[in-house]
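Following: one structure in C-alpha cells, then a few remarks.
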Amino acid sequence: MANPIIQVQEVNKEYGRGKKTVAALKDVDIEIFPGEFVSVLGPSGCGKSTLLHVMAGLEQPTSGRVLLDGVDVTLISERDLPKVRAQKIGFVFQSFLLIEDLTAFENIEAVLWPSDELKKDKQQAMALEVLREVDMLERKDHFPRQLSGGEQQRVAIARALVNSPPILFCDEPTGNLDSKTGDTIMKVIKRINKERNMTVVLVTHNEELAKYAKRTLRMRDGRITSDR
Ligand SMILES: Nc1ncnc2c1ncn2[C@@H]1O[C@H](COP(=O)(O)OP(=O)(O)OP(=O)(O)O)[C@@H](O)[C@H]1O
Ligand SMILES: [Mg+2]
C-alpha cells in the first residue's frame, strides 16, 4: 500500500488563552491516502475549518504534527511555506475569494508559481487548460462580477488546480450556492478526483454532499467521532 499523503498526528488546536480558551481540535489523528476523496462532516463550530486550515499549513496546531507527502508542515519556515503550499495543495473556499479587478484568466495567472522548468507561455497554456477543465474557457476574459456564483466557484477550482498540486482542500465549496448549482460543483470536484487521481478533502455540514466522497470523517466538538 502507498504511503499516506496526509498525516495528522495527535493534533490539538486551542484559540485564545486563560479562561477564554477554546479547544477547537482535540487529539485528532488522521491518515489519508493518495487519490482518496474524504469528506469531513459535522455541525457548525465543531472544528471543520480549523482542521482544514491546520492540514493545509494555513494555521499552526497548538501541539501535534501534520505531514503532507511526508513533510512536516509545522516545521517549515514562514519563508518557505508559500512555496510548499503552492506545490502541494489547492484550496477552495465557500466565498470563492477571487480578485474582483482581475479577469477569470488573470485570477489564475496570478497564482502561477514560478518554475525553472516551465516557461511563461507554457504556464499560461496551463491556465487555459484548467479553465477548459472546469468548462469556463469561453468566459476567461470576464470579471468575477460578470459571472454567476457557480461560475466563480469553477474559476476558483481552476485556480486551485493550476500548479498541479496533489491535494485539493475544499471548505463548504457549495455553501453560497443553490442546491442545483451546488450539485454541479460537487460533480466537477468528483471528476477532478477521478481523472487527476487527486486527493480531495472536503468539509461540509450537509449529509447529502458528504456522500459524494468515498470516506466520511464525522466531527463533533473538536474530535473525530467516526471514520468510514
Ligand atoms: N480565530 C479564532 N479565534 C477564536 N476562536 C476561534 C477562531 N476560529 C475558530 N474558533 C472557534 O473554534 C471552534 C471551531 O471553529 P471552526 O471554524 O473550525 O468550526 P466549523 O466546524 O468550521 O464551523 P462552520 O460550519 O460554522 O464553518 C469554534 O468554537 C470557533 O468559535
Ligand atoms: Mg467552517
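Note that ligands are numbered from 1 as they come in the structure, with each ligand's atoms numbered from 1 the same way. Computed from a prediction, not measured in an experiment: that's the story for all the values here. Just so you know, these numbers use all the heavy atoms, side chains as well, and skip hydrogens, waters and symmetry mates.
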Sub-4.0 Å heavy-atom approach of Gly222 to ligand 1: no
Salt bridge Arg196-Glu133, side-chain N to carboxylate O under 4.0 Å: yes
Closest non-hydrogen atom pair between Lys88 and Pro166, with its separation: O-CD, 3.1 Å
Arg220 atom CZ: more than 12 heavy-atom contacts under 6.0 Å: no
Straight-line distance of Glu106 CD to Arg159 CZ, nearest 0.5 Å: 13.5 Å
Minimum non-hydrogen distance to atom 25 (O) of ligand 1, winning option of Lys48, Arg220, His205: Lys48
Any pair counted as side chain to side chain donor-acceptor pair (under 3.5 Å), so long as it reaches residues 26-36, sequence neighbours left out: Asn12-Asp27, Lys26-Asp221, Glu36-Arg215
Enumerated ligand 1 atoms positioned under 4.0 Å from heavy atoms of Thr50: 14 (C), 15 (O), 16 (P), 18 (O)
Check: Asn107 side chain, Leu98 main-chain N or O, donor-acceptor pair, under 3.5 Å: no
Other residues, nucleotides, ligands: >12 heavy atoms within 6.0 Å of Glu129 CD: yes
Subset of ligand 1 atoms that lie under 4.0 Å from at least one heavy atom of Pro43: 21 (O)
Atom 31 (O) of ligand 1 touched by protein (heavy atom, under 4.0 Å): no
Close approach of Gly45 to ligand 1, heavy atoms, under 4.0 angstrom: yes
Count of N, O or S atoms belonging to protein, less than 2.8 Å from the Mg ion (ligand 2): 1
Selection from Gly175, Cys46, Ser44 by shortest heavy-atom distance to atom 26 (O) of ligand 1: Ser44
